[in-house]
Amino acid sequence: MRRAVLVVAATLFLASPALAGLTYNGSSTIGQHILPKATQLFTAKTGIAFDSIKNDGSGKGVQALLKNEVVLAGVSRAPKDDERAAGLRFYTIGFDAISVIVHKDNPVRSLTKKQIEGIFRGEIRNWKEVGGKDAPIVPVTEILGEKRATQIVFTEIIMGTSNMEGIYGDNRVEVDRPVDEANYVAKNPNAVTAVSAAFVTPDHHVIVVDGVAATTANVINGSYPISRPLNLVSHQKAPKEVLEFVKFMLTPEAQAVVAENFVPAK
């Protein structure tokens with residue numbers, strides 16, 4: 001009899017909603033710079049932990065959600081029509097400035113959107129063409145075939161198209177993730193890339209775009225031209241643990257975490 005009671009108790013313990021784990025896949029901007037601290041605070045407050053956090057990019061995160069491989073995705077861009085049609089729900093937890101960065105020793109401090117487009121299309125190939133030294137420009141991007149959100153948003157805003165094939169110049173260097181882009185630029189004086197503000201370090205200089213700096217105030221007032229929303233994504237009928245986490249992310253405590261690297265939603 002005692003053994004039966006223990007088995008029932010163990011079953012109830014394992015099934016307890018307060019202890020059910022959450023799973024995430026998607027934007028590395030969210031997954032690396034918001035979730036580590038936010039999930040720790042959330043778990044301490046509710047007892048609900050995350051079983052896994054993967055940073056495979058916004059597109060792969062949505063696909064994992066649609067396949068029910070995870071219960072929560074992260075998308076660092078606006079929702080797509082087909083994602084809306086699939087019944088997904090998007091919750092904006094903050095906003096991000098996509099920063100065009102160069103090596104800290106690069107004398108170029110300001111570029112126009114047209115110049116940035118020319119650089120990444122391979123039409124402007126020497127820094128002296130935009131007021132810099134006589135040195136070849138090395139544009140750096142993520143792997144275009146991965147269709148990660150930062151690259152998509154940058155391409156849409158700067159290039160005026162969502163199609164990344166055949167748009168970028170043949171002098172481009174392709175690396176895996178945003179952190180790899182930032183590291184490449186930090187080590188290469190002639191390189192330039194576009195990454196989330198969260199990846200900027202003292203080894204970089206952030207370019208002023210069309211005379212507007214990538215500041216929190218300029219993202220809020222809409223004057224900085226390369227910005228995007230940071231979204232958590234779930235199914236319409238999501239587990240209550242997911243909804244609890246989304247609700248938590250809009251509390252002052254969690255928004256303070258967002259504000260450490262980004263513009264909070266509230």
Pair [X]-[Y], side-chain donor/acceptor within less than 3.5 Å:
X	Y	answer
T112	D210	no
N221	S223	yes
T23	D51	no
Y168	T155	yes

4.5 Å side-chain heavy-atom contact, [X] and [Y]:
X	Y	answer
K247	V242	no
V192	I101	no
V138	N171	no
M249	V258	yes
Y184	T193	no
F95	F262	no
I93	I34	yes
V71	Y24	no

Roughly how far, to the nearest 0.5 Å, is [atom2] of [Y] from [atom1] of [X]?
X	Y	atom1	atom2	value
L243	F248	CG	CZ	15.0 Å
Q32	N261	CD	CG	11.0 Å
F90	S234	CZ	OG	9.5 Å
E156	Q151	CD	CD	11.0 Å
I116	I158	CD1	CD1	5.0 Å
E69	D56	CD	CG	9.5 Å

What's the shortest heavy-atom distance between [X] and [Y], and which atoms?
X	Y	value
I98	F154	CD1-N, 4.3 Å
S196	T29	OG-CG2, 3.5 Å
F42	E241	CZ-O, 4.2 Å
G31	N55	CA-OD1, 3.0 Å
A135	N190	CB-OD1, 3.4 Å
I152	K80	CD1-NZ, 4.3 Å

Closer than 3.5 angstrom, by distance alone: can the side chain of [X] be matched with the main-chain N or O of [Y] as a donor-acceptor pair?
X	Y	answer
N218	A213	yes
D180	R177	yes
N183	V179	yes
D203	K104	no
N126	K128	yes
Q255	A265	yes
E142	V175	no
H103	D105	yes
R125	G122	yes

Original post:
Does atom CD of Q40 have more than 12 heavy-atom neighbours from other groups under 6.0 Å away?
Top reply: no
Original post:
Is the number of heavy atoms from other residues, nucleotides or ligands within 6.0 Å of CG (D81) greater than 12?
Top reply: no
Side-chain heavy atoms under 4.5 angstrom apart, residues restricted to Ile, Leu, Val, Met, Phe, Trp, Tyr: same cluster for [X] and [Y]?
X	Y	value
V70	V246	no
V257	V200	no
V102	V140	no
V195	I157	no
I137	M159	yes

**OP:** Using salt bridge (charged side-chain N to carboxylate O under 4.0 Å, His left out) as the criterion, list what pairs up with E181, not counting sequence neighbours.
**Re:** none
Subject >> Aromatic ring proximity F199/H204, centre distance under 6.0 Å >> reply: no
**OP:** Output, in order, the C-alpha distance, side-chain angles, deciding distance and verdict of side chain to side chain donor-acceptor pair (under 3.5 Å) for R77 and T150.
**Re:** CA-CA 8 Å; R77 54 165 170 73; T150 304; over 6 Å; no
**OP:** Could you give me the CA-CA distance, side-chain angles and deciding distance for I48 and E244, then say whether side-chain contact (heavy atoms from CB on, under 4.5 Å) is met?
**Re:** CA-CA 9 Å; I48 303 170; E244 282 191 51; 3.7 Å; yes
Subject >> R148 and its side chain to side chain donor-acceptor pair (under 3.5 Å) partner, picked from S28, S76, S27 >> reply: S28
**OP:** Check the pair I30, L232 against side-chain contact (heavy atoms from CB on, under 4.5 Å), reporting the backbone distance first and the verdict last.
**Re:** CA-CA 9 Å; I30 297 171; L232 293 177; 4.3 Å; yes
Original post:
Passes side-chain contact (heavy atoms from CB on, under 4.5 Å), V233 versus R89? Steps please.
Top reply: CA-CA 6 Å; V233 192; R89 298 187 67 179; over 6 Å; no
Original post:
Could you walk me through whether I207 and V108 pass the side-chain contact (heavy atoms from CB on, under 4.5 Å) check?
Top reply: CA-CA 8 Å; I207 293 294; V108 175; 4.1 Å; yes
